[in-house]
Participant: 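Pasting a structure here, questions to come.
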Amino acid sequence: MKFNKLINLELTQSSGQTSQPPWVINEEGEYQSLLILKESPVLIKLSQKNFKSLNLDYELPLNLDSSLFNKKSLEKEICSEIVRIYNLDFDLDKFYKFLMMDSKLIDSIKFCNGLRLFLAKNPFECIISSICSANNSINRWTKSISQINYKWGKEILFPSGNFFTFPTPSTLSKVYENDLEEYEALNHHTEIECCVNNLKSCGVGYRAKYMKKTSDIFTNQLNYNDIFKMKYDEAFQTIIKIPGVGPKVADCILLYGFGFKEAFPSDVWIKRIISNLYFNGEDISANKVRDFGMDKFGDYAGYAQLYLFHYARKSGLMDKLTKI
DNA sequence: ATGCAGGACAGAT
DNA sequence: ATCTGTCCTGCA
């Protein structure tokens with residue numbers, strides 16, 4: 001299958017969006033991920049020769065009776081899910097015309113050409129990823145999330161290898177928080193050094209308890225599907241009550257997990273960039289940056305944040321701002 | 001080796 | 001309402 005849309009897959013994958021860690025690259029250079037669809041779990045393989053199109057191949061699980069499903073409707077489902085995750089229906093050319101109206105933003109187009117939103121395949125994975133990303137580096141939170149995925153996800157066998165679903169809120173809520181808790185629960189029947197079946201062993205640090213509490217809330221109180229039905233403000237007020245979720249993480253969850261494109265996640269980098277471009281380098285609060293971004297960019301706020309961040313990163317603007 | 005980067009939060013103003 | 005110190009880990 002093929003999608004004729006402008007997209008830079010590599011850039012989109014590596015841009016640090018907190019929906020999920022980057023997909024796994026195989027020997028052929030394809031980006032692979034397990035998707036759970038109504039018809040069946042499928043292993044997706046994406047590749048591209050140039051930024052004008054995206055090629056899709058897929059595999060079904062081993063030991064699956066292929067007479068049980070309809071190939072046509074499965075492929076239709078796969079396509080609409082890929083269009084959704086990579087936001088392929090978003091009109092990038094129109095967005096670029098919008099950026100061109102601001103002389104400070106024009107350069108971002110050539111640095112970020114084909115960069116798209118990378119939306120969650122699973123909102124809960126995005127919630128946990130976003131909590132993990134707080135006060136953390138991209139490299140570290142993606143490794144932690146991958147470990148959580150294979151330690152407590154359900155394994156599914158494909159011809160190309162084995163992949164794991166992301167654990168459910170219920171499963172994650174029951175995982176030990178740290179090695180000591182695990183050690184006690186096992187009545188000391190093992191060395192504490194061997195206790196790695198716990199959240200902290202994934203390198204999440206003090207975020208372990210936030211993740212456990214959050215998992216419990218989504219098991220017993222909150223259905224994340226309700227968030228999709230809300231308006232942005234209500235969704236923000238709901239999600240910011242989650243432990244480990246402040247304004248920045250809430251906006252990441254709303255943007256990458258639920259597709260609220262009017263969200264403008266304001267971290268220190270966005271703050272430095274906005275301050276440098278629009279406030280003469282003056283020190284402004286994260287809240288003011290958020291208000292400014294949402295007001296200036298409207299429904300393009302999420303994309304503007306993405307483009308500003310990577311433009312600054314690639315153009316060397318960030319290095320310049322760090323040295324101040 | 002110590003110091004620092006990165007948001008949320010509790011406690012204080 | 002706004003500020004300060006603390007939380008954990010990986011990397012200079």
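Being a predicted model, the structure only gives us computed values, none of them experimental. Below, chains carry the letters A, B, ... as their sequence lines are ordered, and counting in each starts from 1.
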Participant: Starting at NZ of Lys213(A) and ending at C1' of dA10(B), how long is that distance when rounded to a whole Å?
Facilitator: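 Rounded to the whole Å, the gap is 12 Å.
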
Participant: State yes or no: are the ring centers of Tyr256(A) and Phe118(A) separated by less than 6.0 Å?
Facilitator: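 No.
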
Participant: Measure the distance from NZ on Lys209(A) to P on dC9(B) and round it to the nearest whole Å.
Facilitator: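 Interatomic distance, NZ of Lys209(A) to P of dC9(B): 11 Å.
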
Participant: Verify whether the ring centers belonging to His310(A) and Phe111(A) lie closer than 6.0 Å.
Facilitator: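 Between His310(A) and Phe111(A), the centre distance exceeds or equals 6.0 Å.
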
Participant: Specify whether Tyr150(A) and Phe164(A) have parallel, tilted or perpendicular ring planes, treating 30° as the upper limit for parallel and 60° as the lower limit for perpendicular.
Facilitator: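 Tilted: the ring planes of Tyr150(A) and Phe164(A) meet at 30° to 60°.
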
Participant: Distance check needed: dC8(C) C1' versus Met211(A) CE, whole Å only.
Facilitator: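 These atoms are roughly 12 Å apart.
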
Participant: Describe the nucleic acid contact of Ile240(A) in one word from base, sugar-phosphate, nothing, applying a heavy-atom distance below 4.0 Å.
Facilitator: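 No contact.
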
Participant: Between Tyr307(A) and Phe95(A) (judged by ring centroids, cut-off 6.0 Å), do the two rings come close enough to count as a pair?
Facilitator: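 Yes, close enough.
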
Participant: For Asn280(A), does the CG atom have more than 12 heavy-atom neighbours from other residues, nucleotides or ligands under 6.0 Å away?
Facilitator: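 Atom CG in Asn280(A) is not crowded, with 12 or fewer foreign heavy atoms closer than 6.0 Å.
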
Participant: Between dC9(B), dG7(B), dC11(C), which one does the side chain of Tyr210(A) approach most closely?
Facilitator: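 Nearest listed nucleotide: dC9(B).
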
Participant: Mind calculating the distance between NZ (Lys248(A)) and C1' (dG6(B)) to the nearest angstrom?
Facilitator: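 Whole-Å distance recorded here is 9 Å.
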
Participant: Give one of base, sugar-phosphate or nothing for Val245(A), where a contact means two heavy atoms less than 4.0 Å apart.
Facilitator: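 Sugar-phosphate contact only - Val245(A) comes under 4.0 Å of backbone atoms but never of a base.
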
Participant: Should the pair Tyr278(A) and Phe297(A) be assigned to parallel (<30°), tilted (30 to 60°) or perpendicular (>60°) ring geometry?
Facilitator: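 Correct class here is perpendicular.
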
Participant: Would you say dC9(B) has OP1 or OP2 under 4.0 Å from some side-chain N or O of Arg207(A)?
Facilitator: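 Answer no for this pair, as no side-chain N or O of Arg207(A) is under 4.0 Å from OP1 or OP2.
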
Participant: Among dT9(C), dG6(B), dG7(B), find the nucleotide with the atom closest to the side chain of Lys200(A).
Facilitator: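 Nearest to the side chain of Lys200(A) among the choices is dT9(C).
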
Participant: How long is the line joining CZ of Arg290(A) and C1' of dG7(B), in whole Å?
Facilitator: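 Roughly 15 Å, once rounded to whole Å.
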
Participant: Which residues, if any, of residues 125-142 of chain A bring a heavy atom under 4.0 Å of DNA chain B?
Facilitator: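 The answer is Ala134(A), Asn135(A), Asn136(A), Arg140(A).
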
Participant: What is the separation between atom CD1 on Ile270(A) and atom C1' on dG7(B), rounded to the nearest whole Å?
Facilitator: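 About 15 Å, once rounded to whole Å.
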
Participant: Once you round it to whole Å, what is the distance between P of dC9(B) and NZ of Lys241(A)?
Facilitator: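 After rounding, the reported distance stands at 13 Å.
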
Participant: Can you classify the ring geometry of Phe124(A) versus Tyr224(A) as parallel (below 30°), tilted (30 to 60°) or perpendicular (above 60°)?
Facilitator: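 Ring orientation of Phe124(A) relative to Tyr224(A): parallel.
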
